Amino acid sequence: MSFEYPSCPHCKYPFDADEIWHRQNQCKFPTEDDGDEGQFDCPGCFITLHVRLELTPSWTFTDSDGEEVTS
């Protein structure tokens, strides 16, 4: 499963792992439960962002050797 970090919808500032998981630059990304919300100013354009966590389930199928099976 691949994961892309979000960017600001206004200025396209690219948030990185430290800002999301370690709350650097006062970014308050919700990281615990589906539907959790946070609010902070974008470090790029300083516009207040309202952020909601939406967990999307994903499954990977593997064969008996542990290799990923794709359709």
Side-chain angles (χ1 to χ4, degrees):
M1 180 169 93
S2 64
F3 178 81
E4 290 185 28
Y5 289 110
S7 59
C8 174
H10 300 283
C11 71
K12 305 303 180 211
Y13 175 87
F15 295 102
D16 63 22
D18 287 333
E19 290 165 324
I20 294 171
W21 302 109
H22 305 293
R23 297 183 185 251
Q24 289 188 359
N25 294 338
Q26 302 301 320
C27 295
K28 294 182 178 127
F29 276 89
T31 58
E32 295 297 320
D33 296 310
D34 190 39
D36 280 354
E37 296 186 6
Q39 178 177 318
F40 57 89
D41 293 339
C42 173
C45 64
F46 308 105
I47 290 177
T48 300
L49 299 174
H50 302 271
V51 184
R52 182 177 60 244
L53 177 62
E54 294 181 9
L55 299 173
T56 305
S58 176
W59 292 266
T60 301
F61 293 92
T62 59
D63 63 17
S64 60
D65 295 324
E67 298 295 321
E68 186 174 332
V69 179
T70 58
S71 52

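Start at 1 with the first residue, then count along the sequence. In this text, all values refer to a predicted model and were calculated from it rather than measured experimentally.
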Which residues share a side chain to side chain donor-acceptor pair (under 3.5 Å) with Asp41, sequence neighbours left out: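 Expected list: Thr48.
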Any residue meeting side chain to side chain donor-acceptor pair (under 3.5 Å) with Gln39, in chain and number order, not counting sequence neighbours: His50
Partners passing salt bridge (charged side-chain N to carboxylate O under 4.0 Å, His left out) against Glu54 (at least two apart in sequence or in another chain): Arg52
Residue Gln26 excluded, over 12 heavy atoms near CD under 6.0 Å: no
State, to 0.1 Å, how close [X] and [Y] come at their nearest heavy-atom pair, and which atoms those are.
{"X": "Ser7", "Y": "Pro14", "value": "CB-CA, 4.2 Å"}
{"X": "Val51", "Y": "Pro30", "value": "O-CG, 3.8 Å"}
{"X": "Asp63", "Y": "Val69", "value": "N-CG2, 3.5 Å"}

Check: Cys27 and Leu49 side chains under 4.5 Å, non-hydrogen atoms: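 Sidechains of Cys27 and Leu49: no contact.
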Residues that Glu32 engages under side chain to side chain contact (heavy atoms under 4.5 Å, CB included), provided they are two or more places apart: Asp36
Polar side-chain atom of Asp18 near backbone of His22 as donor-acceptor pair, under 3.5 Å: no
Straight-line distance of Phe46 CZ to Cys8 SG, nearest 0.5 Å: 11.0 Å
Nearest-0.5 Å distance, CD1 of residue Ile47 to SG of residue Cys11: 7.5 Å
Any residue meeting ring-ring contact (aromatic ring centres under 6.0 Å, His included) with Phe15, in chain and number order, not counting sequence neighbours: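 If we apply the ring-ring contact (aromatic ring centres under 6.0 Å, His included) test to Phe15, skipping adjacent residues, the hits are Tyr13, Phe29, Phe40.
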Leu53: hydrophobic cluster co-members (side-chain, 4.5 Å):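 Members other than Leu53 - counting any ILVMFWY side chain reachable under 4.5 Å - are Leu55.
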